[in-house]
Amino acid sequence: MVSVKEISGAMGLNTEQLLKLYETMFMARAVGERERMLNRMGKGPFAVTGEGHEAAQVGTAFALTPGKDWVVPYYRDIGVALTIGMSPRDLLMGHLSRSDAIESGGRNMPSHFSSVELHVVSGSAPVSTQVPHAVGIALASKLRGLGEVAVTYFGDGGASVGDVHEAMNFAGIHKLPVIFVCENNQYAISVHVRKQMAIENVSARAAAYGFPGVTVDGNDVLAVYEAARQAVERARSGDGPTFIEAKTYRLVPHTSDDDDSRYRSKEEVDEWRRKDPLIRFQAWLEEHGVADKKAIDEVRAKVMQEIDAATEFAENAPTPAPETALRHVFVEGGD
Amino acid sequence: MVSVKEISGAMGLNTEQLLKLYETMFMARAVGERERMLNRMGKGPFAVTGEGHEAAQVGTAFALTPGKDWVVPYYRDIGVALTIGMSPRDLLMGHLSRSDAIESGGRNMPSHFSSVELHVVSGSAPVSTQVPHAVGIALASKLRGLGEVAVTYFGDGGASVGDVHEAMNFAGIHKLPVIFVCENNQYAISVHVRKQMAIENVSARAAAYGFPGVTVDGNDVLAVYEAARQAVERARSGDGPTFIEAKTYRLVPHTSDDDDSRYRSKEEVDEWRRKDPLIRFQAWLEEHGVADKKAIDEVRAKVMQEIDAATEFAENAPTPAPETALRHVFVEGGD
Amino acid sequence: MAEKTLIEVVNDGLRDELRRDERTFILGEDVAEGGVFKATEGLFDEFGEKRVIDMPLAEAAIVGISIGASLNGLLPIAEIQFADFIHPAFDQIVSEAARLHYRSNGTWSCPITIRTPYGAGIHGGPYHSQSIEAFYAHVPGLKVICVGSPYDAKGLLKSAIRDPNPVLFLEHKKAYRLFREEVPEDEYTIPIGKAAVKREGSDITLVTYGLMTRHSLEAAETLQSEDGVSVEVIDLRTVSPWDKERVLESVRKTGKALIVYEDNITGGFGAEVAATIAEEAFDYLDGPVTRIASPDVPIAPYSGILEEYVLPNPAKIAEGIRKLAGY
Amino acid sequence: MAEKTLIEVVNDGLRDELRRDERTFILGEDVAEGGVFKATEGLFDEFGEKRVIDMPLAEAAIVGISIGASLNGLLPIAEIQFADFIHPAFDQIVSEAARLHYRSNGTWSCPITIRTPYGAGIHGGPYHSQSIEAFYAHVPGLKVICVGSPYDAKGLLKSAIRDPNPVLFLEHKKAYRLFREEVPEDEYTIPIGKAAVKREGSDITLVTYGLMTRHSLEAAETLQSEDGVSVEVIDLRTVSPWDKERVLESVRKTGKALIVYEDNITGGFGAEVAATIAEEAFDYLDGPVTRIASPDVPIAPYSGILEEYVLPNPAKIAEGIRKLAGY
Ligand SMILES: Cc1ncc(C[n+]2csc(CCOP(=O)(O)OP(=O)(O)O)c2C)c(N)n1
Ligand SMILES: Cc1ncc(C[n+]2csc(CCOP(=O)(O)OP(=O)(O)O)c2C)c(N)n1
Ligand SMILES: [Mg+2]
Ligand SMILES: [Mg+2]
């Protein structure tokens, strides 16, 4: 196997890791497409996916220690969930709101990722409420001396919410091991980023809280990974938070309920399609001799097989029993 | 009368204006002391005053056009209210919650300044909720082409609140004629600013919203005035918001319910007493031959007379009739 | 008269008011593009960027800035994209908008309108389905309207926008396109605070609002035909201030009261209606004041199976009427 | 047994729990210095900066960070300086703390305690006097406690901190130093959700909580001595979940119910109690289910004259009892 040093620009990743990175990105893409397809077929009333965000999501999560570190994602983070270890089956079970879906057993919307074992925190829909949760998790990690890092994700729209200010301020004061990842796809549904902030790079806000902020090309998975790796290092060594802005683009409508042609041009979308992080990383892998077309095709075939199997499993899995709707309002036997 | 240019460092203010500045600062100091004295005498259950903040408050408000521009103050801004045109009588009527007190007729706490005519907006107690109001006022000024500037005030503690982030962000996006004045007295009650933010100058946050922020010596009234004058000019000419941080110190307890010896040393307070903005400005006036001791004494005597008269008036003014408590929940005759 | 849906008349009503009064303007998320439910469709094109303003994702600011603009001569019409997302603005609504007039002894006022889609039944899950009227109907100084049908919606939206007080205008999102109603093209308004008797009856008074009015009417129909029970269905339309007199008058006539609401039962707005009837119409009661609402779980789980299990529907309401009638 | 005030036992209870369980910690504004009411007096000195954390002025963060810390093995005890200032955290409490366990199908839980002083009568004006229990008692997944006396406060505070669910613990600030009660030094807890009969009686059931319990007992005393009316006074102590059974049992015995609460009347928590009695004890009622509360104005205007006019007091309660007794 090609050793680390031999791959220039690989940010210290070896062949196996690089292929895993690609596989996970492709899996994220394919799971998103599958969910939207199922939705169009009338299977699952709603789909929200992250096509286009794969490099930003997988690249950041790849720098973490799954099950030890914490991720506090938002609804678009299929790539984050998969990188940390949730399976296509977990996500498709959630998409079809099956009773055994680990995310919520059909109580939360799809793409509201959750796994207690994997430290993937269940989210809600109100944008950015999860950001203080990540800071609280990081506070506990510091107070308990656990060495765990918490990473939370939100969009450019989410950056406008007051909770983000309050949470980042506290994280800065106490130099907490937390990383703020903003997936800046330049739109909050239809609202362009120029109507959301008067600055070029939202990462500049980190300076308002006394910690570093970086802006990276969110479609360059290796650049994203390297930024995340450095942030994790900082966090783990007690140097406090980092804000990472990954500039990217949503290649699909906001959700299955959205018609993005109402607010952005085909030309703009096409231009970004040419910057597709998957195509780009595949080219890089081929150029650097990490994988040839054949190897890539094998990876894709393997992933598609898994997704087909997961789909079939989920479609045949049982739905929740109606009366279970009354359970878990309070911790059972808790008092 | 000494003409403008002849007074070096007067920021273009003439003798009359300089004396008015001093008179208003002294009046703010004296009204605060009077309210605390009345409270100790059992007259008025609560007092919150701004001794030490006079330069920051009067210096900023002095740059405004009273009755045209808007002030959206917080509870410590006795100096702002007086500069804009509220009288000691108005404030003392409020302190004693008299039925004719223009602030609230005894409904709001003292130092919750308000005057529809003077564009002094009634405030609440929740810290920083007033900040978006100032931004909305500025939005209306811009949409209606009124040329009015809105200035809002808050403390270092108030800067931590999410509403401030959301409001400053919107103001930056639309380049609104609004000024954010942070009276940084280094404490939120007992919490030192180092436990509130990881940065040296909170004015640095303006950069997160795309407009300028400046930090001034909040005990130097002329420096504060000049910063405000420039900010008003920017706002009026359509160049958008400015953030002004005035570094100062509260020379008195937080409120009549607070014992500040629990969280700050006598030495620290004494050190700041030596930086008293009133003493400092009086010395400047004397040095620059704007006023001699005698002139200063005359100003003080005149102010004390007014405050004594206002006190007497307020003490003899009627209290609210009990049943009026039911009025003004909704606009009367409004529907 | 044209047959219109609820969402169509909201759009019509907004257009009318923007044309009628220069002081009005709309602000909210995605409103320029027409909004996720298309309530503001076409308004940006007609009125431009000064009258239809896209906001950053920040509900506290949407309300707080509306309050400020209202103090300086404008009549803001704020849209909160889903009622579930109004919570960050709770402080601005409760502490500021609702209390400003009172705390200033009647000198300042805050004529803002906050529109938002609420309610369940669209597989929206626990964050696109909530009823929020109970929180706000408790707050003095705030008016709260809940509409579930086109005719009422248009007339009340105009009254809300013209009201000198802060008004929370809740539009049931499941009713947006559920059915059409005859709605006059000509100007009309419906007074805030007045209920509507949607069906006259003599055996039971059923008090409800929002989408539950439609479900209740269906149930009343069933009871009439199947059991010969005559139900008077009252749609409050405004929950604060609510039409106590009209409700009490009906209960004094029928002697039995059933209150139906969609929200989880405990502390829901229907509790206030029931408590008022129990105190002020006690002498006339021939049976327990009964409530039908959702159980105390977060409204609503996403799965259609779970959602259907918790929400009131015509069958559950019919069952409740039957039980009370048989008392 | 020592005689203690409410504020003293809150301090004792917090100290006991910090000693008992290493996972607990306190966070809030000014808590290191002891807090504006001295609830955390001395705790920073004993437990240090890792267990008693001063927060920036940001209530949404205080609650949101507590939620996060609870997910990672800690038991946060958050202090909100005044209940009136909890509103910015409404979204974090309602959308997050209360719904996390349900939305995750019981896999995640959120064992946080939020303590805050509430209530009027101290010339606090409209922003240092509010009752907030009605907002939160409506929210499934959240427990809400209202204490107005030392003995209950200590036992319930311990139960709140140890409860695996989010608990809102409301301490009536006027009761902080109003009176002393015998409070055992030894460990004891009081179960959440259980009411206490503070006075037995046979003619009328009076249901209340918080400071109103004390006022109600005084009124009951008056009625007994002056009118020979025997009032059973029930202090709910917990408003969510509340002790329905105990209340219904009493009403079935007395046949008359009076609900007393400090908050403005419409949509207050007492409406739920009244509605429940009217539905589930109808057959036993010999008179209207009556409520005594503040009028619908922002609680409370600052002027002592205005404040006294709006708040319930022993005289107003006695009047209400007399009226109901004479029915
Ligand atoms: C508090 C809140 N307000 C509004 C919404 C409705 N909403 C859902 S996603 C969204 C846009 C979010 O944009 P962004 O944060 O940039 O993330 P993206 O979808 O672009 O990845 C909005 C307005 C919400 N979920 N929560
Ligand atoms: C939202 C909110 N939380 C807490 C309080 C209680 N409180 C009143 S003033 C204050 C400190 C404010 O400090 P700062 O903003 O620096 O202003 P200063 O008093 O120092 O001038 C606090 C915590 C409040 N009024 N509002
Ligand atoms: Mg975006
Ligand atoms: Mg301060």
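To find a chain, count down the sequence lines: A is the first, B the second, and so on, and within it residues start at 1.
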Check: Any chance CD of D:Glu49 has more than 12 other-residue heavy atoms, nucleotides or ligands included, within less than 6.0 Å?
Finding: no
Check: A:Asn108 versus chain D, heavy atoms under 4.5 Å apart: side chain, backbone, both or neither?
Finding: both
Note to self: Shorter than 4.5 Å, heavy atoms on both sides: which option in A:Ala167, A:Pro126, A:Ser99 has the most such pairs with chain D?
What the structure shows: A:Pro126
Margin query: Are more than 12 heavy atoms, taken from residues, nucleotides or ligands other than A:Glu315, located less than 6.0 Å from that residue's CD atom?
Written below: yes
Notebook entry, point to check: Rounded to the nearest 0.5 Å, how far apart are NZ of D:Lys50 and NZ of A:Lys142?
Noted result: 8.0 Å
Margin query: Taking every non-hydrogen pair under 4.5 Å, which of A:His119, A:His174, A:Arg144, A:His112 racks up the most with chain D?
Written below: A:Arg144
Next item on the list: State, to 0.1 Å, how close D:Asn72 and A:Glu148 come at their nearest heavy-atom pair, and which atoms those are.
Entry: ND2-OE1, 3.1 Å
Note to self: Does any backbone or side-chain atom of A:Ser141 lie under 4.5 Å from a heavy atom of chain D? Answer side chain, backbone, both or neither.
What the structure shows: both
Check: Checking heavy atoms, do the side chain of A:Leu139, its backbone, both or neither come under 4.5 Å from chain D?
Finding: side chain
Checklist line | Chi angles and distances behind the side chain to side chain contact (heavy atoms under 4.5 Å, CB included) call for D:Arg51, A:Leu143 | finding: CA-CA 9 Å; D:Arg51 306 286 302 281; A:Leu143 293 176; over 6 Å; no
Check: Can you name the nearest heavy-atom pair linking D:Ala60 to A:Glu166, along with the distance?
Finding: CB-OE1, 3.3 Å
Notebook entry, point to check: Can a donor-acceptor pair be found between the side chains of A:Ser124 and D:Arg99 at a distance below 3.5 Å?
Noted result: no
Notebook entry, point to check: Does a donor on one side chain sit under 3.5 Å from an acceptor on the other, for D:Asn105 and A:Glu103?
Noted result: no
Note to self: Restricting to ring pair (Phe, Tyr, Trp, His ring centres under 6.0 Å), what partner residues turn up for A:Tyr153, sequence neighbours left out?
What the structure shows: none
Check: Could you state the interatomic distance from OG (A:Ser114) to CG (D:Leu100), rounded to the nearest 0.5 Å?
Finding: 8.0 Å
Notebook entry, point to check: Measuring heavy-atom distances to chain A, does D:Glu59 have an atom under 4.5 Å in its side chain, in its backbone, in both, or in neither?
Noted result: backbone
Next item on the list: To the nearest 0.5 angstrom, please state how far the NE2 atom of D:His101 sits from the CZ atom of A:Arg107.
Entry: 8.5 Å
Check: Side chain, backbone, both or neither: which part of A:Val72 has a non-hydrogen atom closer than 4.5 Å to chain D?
Finding: neither
Check: Does any heavy atom of chain A fall under 4.5 Å from the side chain of D:Ser104, the backbone, both, or neither of them?
Finding: both
Check: So how far is it from D:Thr107 OG1 to A:Ile102 CD1, rounded to the nearest 0.5 Å?
Finding: 8.5 Å
Next item on the list: Mind telling me whether D:Trp108 and A:Trp70 have parallel, tilted or perpendicular rings, with 30° and 60° as the class edges?
Entry: tilted
Check: Got a donor-acceptor contact below 3.5 angstrom from the D:Gln92 side chain to the A:Thr129 backbone?
Finding: yes
Note to self: Using every non-hydrogen atom in the two residues, find where A:Val331 and D:Asn165 come nearest and quote the distance to one decimal.
What the structure shows: N-OD1, 2.8 Å
Notebook entry, point to check: Hey, does the side chain of D:Tyr102 reach the backbone of A:Ala325 with a donor-acceptor pair shorter than 3.5 angstrom?
Noted result: yes
Item checked: chain A contacts, top residue of D:Gly141, D:Gly106, D:Gly193 (heavy-atom pairs, under 4.5 Å) -> D:Gly141
Margin query: Using heavy-atom distances under 4.5 Å, tell me whether A:His165 contacts chain D through its side chain, its backbone, both, or neither.
Written below: neither
Check: What distance separates D:Ser70 OG from A:His133 NE2, expressed to the nearest 0.5 Å?
Finding: 8.5 Å
Item checked: Residue selection (most heavy-atom pairs with chain A, distance under 4.5 Å) from D:Leu142, D:Ile62, D:Val63 -> D:Leu142
Check: Minimum heavy-atom separation for D:Arg103 to A:Gly123, with atom names?
Finding: NE-O, 3.2 Å
Next item on the list: Would you give the length of the straight line joining atom OG of D:Ser109 to atom CZ of A:Phe330, rounded to the nearest 0.5 angstrom?
Entry: 13.0 Å
Note to self: Non-hydrogen contacts under 4.5 angstrom with chain A: give the residues of residues 146-156 of chain D involved, or none if there are none.
What the structure shows: none
